[in-house]
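Before any comments, here is the structure.
Note on naming: letters A, B, ... go to the chains in the order of the sequence lines (proteins, then strands), and numbering restarts at 1 for each one.
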There are 2 protein chains.
Amino acid sequence: MATTGSFITSLVTSFVIFCILLIVYAILSRRPGNAVIYYPLRILRGEDGPAVVKRRGMFSWVLDSFKASEDDIVAVAGLDAAVYMHLFTAALEIVVLSALFCMPVLIPLSATSNYNQQQSRMDPNFTYSNFDNLGMGNVEPNNSKIWAFLLAMFWVSFVVYYVLFKAYRRIVHMRDRAQASAYARPQQYTALVRDIPKTVGKESRIQQVDSFFARVHPGAYNRVQPVYDIKPAEKIFKEREEALRKLEHAEGVWEMSKLKSGNAEGTRPMHKTGFMGLLGPKVDSIEYWRAKSQELNPQVDTVQRTTRQEKGQDAAFVMFNDRRSAAEASQVLHAPHALRWRVTQAPEPEEIVWHNLHIPAWQRAVRRFIVGVLTFFLIVFYMIPIAFVASLTTLENLAKILPFIRSITKIGVLGNIIQAYLPQLALLVFLALLPTILITLSRLEGFPSQSQIVRAASAKYFYFIIFNVFLGVTLFGAVFSNIASVNVLIDQSNLSVAKVVQLLGSKLPPVATYYITYVALKFFVGYGLELSRLIPFIIFHIKRKFKCKTERELREAWSPGAFKYHKSIAQDLLILTISLCYATIAPMILFFAALYYGLGWLVMRNQALNVHVPDFESHGSMWPHIHNRILAALFVAQITAIGYFGVKEFPFAPIMIILPVLTVVFYMFCKKNYYPSIKVVSLYVAADVPKAQPSSAAITEAYTPTVLQEGHPGIRDRRSNLATKIDSTVNAVV
Amino acid sequence: MATTGSFITSLVTSFVIFCILLIVYAILSRRPGNAVIYYPLRILRGEDGPAVVKRRGMFSWVLDSFKASEDDIVAVAGLDAAVYMHLFTAALEIVVLSALFCMPVLIPLSATSNYNQQQSRMDPNFTYSNFDNLGMGNVEPNNSKIWAFLLAMFWVSFVVYYVLFKAYRRIVHMRDRAQASAYARPQQYTALVRDIPKTVGKESRIQQVDSFFARVHPGAYNRVQPVYDIKPAEKIFKEREEALRKLEHAEGVWEMSKLKSGNAEGTRPMHKTGFMGLLGPKVDSIEYWRAKSQELNPQVDTVQRTTRQEKGQDAAFVMFNDRRSAAEASQVLHAPHALRWRVTQAPEPEEIVWHNLHIPAWQRAVRRFIVGVLTFFLIVFYMIPIAFVASLTTLENLAKILPFIRSITKIGVLGNIIQAYLPQLALLVFLALLPTILITLSRLEGFPSQSQIVRAASAKYFYFIIFNVFLGVTLFGAVFSNIASVNVLIDQSNLSVAKVVQLLGSKLPPVATYYITYVALKFFVGYGLELSRLIPFIIFHIKRKFKCKTERELREAWSPGAFKYHKSIAQDLLILTISLCYATIAPMILFFAALYYGLGWLVMRNQALNVHVPDFESHGSMWPHIHNRILAALFVAQITAIGYFGVKEFPFAPIMIILPVLTVVFYMFCKKNYYPSIKVVSLYVAADVPKAQPSSAAITEAYTPTVLQEGHPGIRDRRSNLATKIDSTVNAVV
């Protein structure tokens, strides 16, 4: 693959880009006007923007980020962000601890061998870079040096077990502390009931649920809030919201026009009412939208009333008198046929996906199956273009197809740059399109909460990225370079598990440098962009100039959004998968991985403390997902290591079969011991009595969708209750 | 394999044996003295033996058995027996409904083909019986007739789904009715807590459990009964029990000697106290054992007291104030680390395996793993002798190795009989040794209750029987007859799933007749023996003559024991597996399977009503096990059918791939919808308020092991509380 020259070029250019972005950040973030871009979370929490900027040095963010404790992060950004930070902590620990053994022991062993040289003497087609000499590929087959590599694989495995064990225990503890804390939240008193059977006769949904729960939870059951079909209400509510926004905007335009010199009265904005504002009579915008919104007010009231008079869908929120009872109820089988009256923990009110609640269990199963099939095809068919691109990853190959490229490669530096970035860029473009599709697919599965959708999408993205990027590049990238190995893969009748493991093992070393450049690109450019927020910065300034006329529009323009867990977690895990797979084969990768996670740790903590605003709080439900994926990565690493050790004709390689078995045992242990505490709340924790508890009315209000809330101002502002929410988390933890 | 002649001989001899046993039963069961052998359950329930016998005609058992309702069976023999009967009902329904299509449609289609004849003309080594002409083997490859066989496979699959769906729903209903019923049993108020953490400081186990449960179940928690290490108490208790039994026996001997003429005083029995009663001084047995037992009385009291003063092991039974709370508590996560404070439903007091209760979770996991490995080796190594025997299943093969056998085969009838029974007998002998080993292995896994041990052993036996008998005979029996197919199997490198499926498909038809004779032997001889109880009859009369001197000894001699579920269920399921696999390939097997299950239904109902006494009541927990195994059998049948249709070069065979998928979907549905109700009790059912509930003291007493019960008479009589138990079940259901 890439030669030493293009490899160095890639690293250097990545680093240069990173330095530029770092300087951009240092300059831009110190201008008070940009506080909303670089410290939006602090501003939303009530701090004064310019003041925040003023008291900061150019690189003080590094120190702030470094010094912040876990409790600080939980307090400011919530448990989910703290759990995401734990991914970086855990990965960094894994990589550094692994490197402690692998780098000082394995690299000298490789460097003092010269198998690559021997091979290139035997076979003139065999190419290798100097960098390849630092990997296991350079060690002679069946050499006693391989013992050290085998030992390293054991070391890496135990490092992963140790770090994951510690992290899981810590996160369960953190979560339990938050759940048991003196602060009581509505969702702790509430359970979600789905798949309620049909009502009998004239019985209303409320009567039905009331009589059922009064029977099975005498004493603890408080009241029910049915789930209604809110589609009609939502339609009218949205119309009114639209009108109110247009009204605000028109008023903003008028106010601004007054500020212009020589126009103290200002110009009242006008617009046409017909098709796309191009046809029809011209009207005064302010009066038009005010009339429109006032006209819609009684309609909203009416539709709210009629919706509440309906029977309700076959789902409901059930409130209990105390947290213990709610926690207990959400773990128990309620009805003889388990697919009816399914009771689970209620999601946080903000993250409820109302339109999914009424989907019956059989339909959810069917949807999950169909989405599974679609995801499978998505993953497999994305592979075709990627495989094609990967086969072009070397300019030599490209030049074979498009001869004119050869002339470009002759221009030294340019050739090297193209050589280094062409394949990686192709990969990144492919990946950018995906997350949205996966979120949509996951929403179709019928999950009741946003956080579950994100987790499902994240899982899909992980499968995608492992299959296409990792396996795809490894297998296809190397395989397509010669026809013989393509034939091995195509000849289905001879394809066996043993052969795939062997193929995987034999194809790993040649693409090691490819991955190192990929990791470097990812962390230098990726984190540079994340930290400098160059794109949100530009978009905000464009919007402010041309579009925003009101406070609300301005706020929405700089609103930073939440971490995109469904995208970032899978990508972070890909790097770890690559690192674990190459930890023994090409230990140099651990150095770059340590940089990736170290830098990521700093940057992401900064973003969590200053920038991103959580959409929801799932109390760290993401961790089992991360934990299992890291173990899966280790499992893949162990299997490929067995394959590669086999290629090296090392007779003791079968000893390593114990490693995947250990991984499975460790997985089972964590699943049995820790997972239940993330999935549900243990009674011991839930039985903690809070100082004060929310009133029954407050809980009911929380579980009423915005469009059914009487007397609602009309415009939904997702972050409106952010401050209270975050402060409550502070109370919850401290 | 077997020719038509030996096939007919086998059927006829089986039938003759059956008729003889039937007559033996009819004669013996009408003699009042044999009532304890043929109606022990009725006698134990308080009916008068001779009276029961008197009012019965020779074959009235058939009518009685036929007329008994499900409620009758539940009332007399318990839910577990009723569930076992459901296995016969379901299997019979499956077989008969399948036959409705397969026999009238497929047999004529096969009979009017003549592929067997064609093949034997082409290849003189190809042998077939007339009977083989009635199977799919006789249809020409790629003939449009095969459509009917394909349709039949769909028909059979849907029949299985329908029957299993109906049965599961019915059993859940039956179980819930028993659980919700007005009668309240101790286990409904009790939960078993295992893996209790170490106590802190001087805290006793009772204090520790008390404070934990008072916190997490305020209001509902009643009291705790710790589990003690009863080994020392058990040792002394057993010694006393032994002494008391010997005393009773000696008194019995003395009483009997008085009855002899000319010996009104009787002869007091004497024995030597030394090694095995052969050495040492001679003493008066009655006085010796009376003194011994009286000497042990205070020791028992002391050890009971000291045991109760101990801290208690890390397990306990926790009692609740009402059934609902106990049911709820046994489904919920109690502690943040899920491997501590594991709470489950308490088993019925009688079936508790006391010595397993304290085994910690990690050790249970390790034990389960080791037992799994042992079971695997057991299954695989049993295969070697079976494969050897199966290769000798034809006399021709046997004669090749032992030439003198050829002279035996020449004696017409004898040759045929040997031909028919030799292989089956070999198989049966192998199988007889197994169940005890499997029960022991399952006990080592650390289950807290006898019923779980039986279920685990039954599962192992099923795997064993499918792997060794079904796959073993099919593959090896046919494969070993020619060297080429052995090579296919030995050549591991070329072994693929596709090849195994194909091999399985191609080897099925030749062994069809073998299985029919196996089924015939099984049902005629097996049910004949079960019904006539010839062996228990003989053993009882020998014991009565030579050994029994007291009432208790006599009662123990005729005590009928429980159904051996761990053995019989797997065997019954084997027949169903065979039937399903051959349903389309050799539909005649359905006729014999229908006979097997029809006769089994009658005989087993008779045994349940009159003979066997349940050891425990697990409320039908066996059903999911049976259900899943039937589905597994169907799955195997569908896979082999795909293989066989492939052998017949039928281009539409791939349509059948939908069938295994449907089976998996159906499995998932039942697991989600019905299984939870068998695993735990739903709140709706548990919330039913009983008329009266057992006192706290009575529940505590029930969960005290016999050896710790103060004032216990000294001899444990397992069936002592049978009458009350059965009557309570009657109340529970009616």
Side-chain angles (χ1 to χ4, degrees), chain A residues 169 172-173 175-177 179-180 212-220 322 324-325 327-343 361-362 365-366 369 492-496 498 665 668-669 671-689, chain B residues 169 172-173 175-177 179-180 212-220 322 324-325 327-343 361-362 365-366 369 493-496 498 661 665 668-669 671-689:
Chain A
R169 205 176 44 181
V172 165
H173 181 68
R175 180 183 143 92
D176 281 346
R177 215 157 44 117
Q179 293 274 1
F212 185 87
F213 277 87
R215 175 193 159 111
V216 300
H217 293 289
D322 56 310
R324 197 201 67 83
S325 303
E328 199 172 25
S330 62
Q331 303 176 39
V332 178
L333 175 69
H334 277 70
H337 290 193
L339 290 184
R340 289 188 200 150
W341 294 102
R342 285 170 80 91
V343 181
W362 67 266
V366 171
F369 177 76
Q492 287 281 332
S493 62
N494 273 317
L495 201 67
S496 67
V665 169
M668 301 273 279
F669 165 75
K671 193 180 165 179
K672 289 254 174 194
N673 198 34
Y674 295 121
Y675 179 61
S677 272
I678 304 271
K679 201 178 156 211
V680 297
V681 180
S682 69
L683 284 197
Y684 188 81
V685 169
D688 213 37
V689 179
Chain B
R169 204 175 46 181
V172 165
H173 181 67
R175 180 184 143 90
D176 281 346
R177 214 156 46 116
Q179 293 274 2
F212 184 87
F213 277 87
R215 175 193 160 111
V216 300
H217 294 288
D322 57 310
R324 197 201 67 85
S325 302
E328 199 173 25
S330 62
Q331 303 177 38
V332 179
L333 176 69
H334 277 70
H337 291 192
L339 290 184
R340 289 187 200 150
W341 294 104
R342 286 171 79 90
V343 181
W362 67 267
V366 172
F369 176 77
S493 62
N494 273 317
L495 202 66
S496 68
V661 174
V665 169
M668 302 272 279
F669 166 74
K671 192 179 164 178
K672 289 255 175 192
N673 197 33
Y674 295 121
Y675 179 62
S677 271
I678 304 271
K679 201 178 156 213
V680 298
V681 180
S682 69
L683 284 196
Y684 188 81
V685 169
D688 212 37
V689 179

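Heavy atoms of A/R169 lying under 4.5 Å from chain B belong exclusively to its side chain. Looking at B/H173, neither its backbone nor its side chain comes within 4.5 Å of chain A, counting heavy atoms on both sides.
Minimum heavy-atom separation, A/A335 to B/S677: O-OG, 4.0 Å. Contact detail for B/H337 and A/V172: the closest heavy-atom pair is CD2-CG1, 4.4 Å. Between A/R215 and B/V685, the shortest heavy-atom contact is NH2-O, 4.5 Å.
Within the 4.5 Å cutoff, no side-chain heavy atoms of B/R340 are placed close to those of A/N673.
Distance check: B/E328 CD to A/H334 NE2 gives 7.0 Å after rounding to the nearest 0.5 Å. B/I678 CD1 to A/L333 CG: the interatomic distance, rounded to the nearest 0.5 Å, is 11.0 Å.
In terms of non-hydrogen atom pairs under 4.5 Å with chain A, the most contact-rich of B/H217, B/K679, B/R342, B/M668 is B/H217. Among B/G219, B/P676, B/A687, B/A338, the residue making the largest number of heavy-atom pairs under 4.5 Å with chain A is B/A338.
Aromatic ring pairs are classed by plane angle as parallel below 30°, tilted from 30° to 60° and perpendicular above 60°; the pair B/F212 and A/Y684 is parallel.
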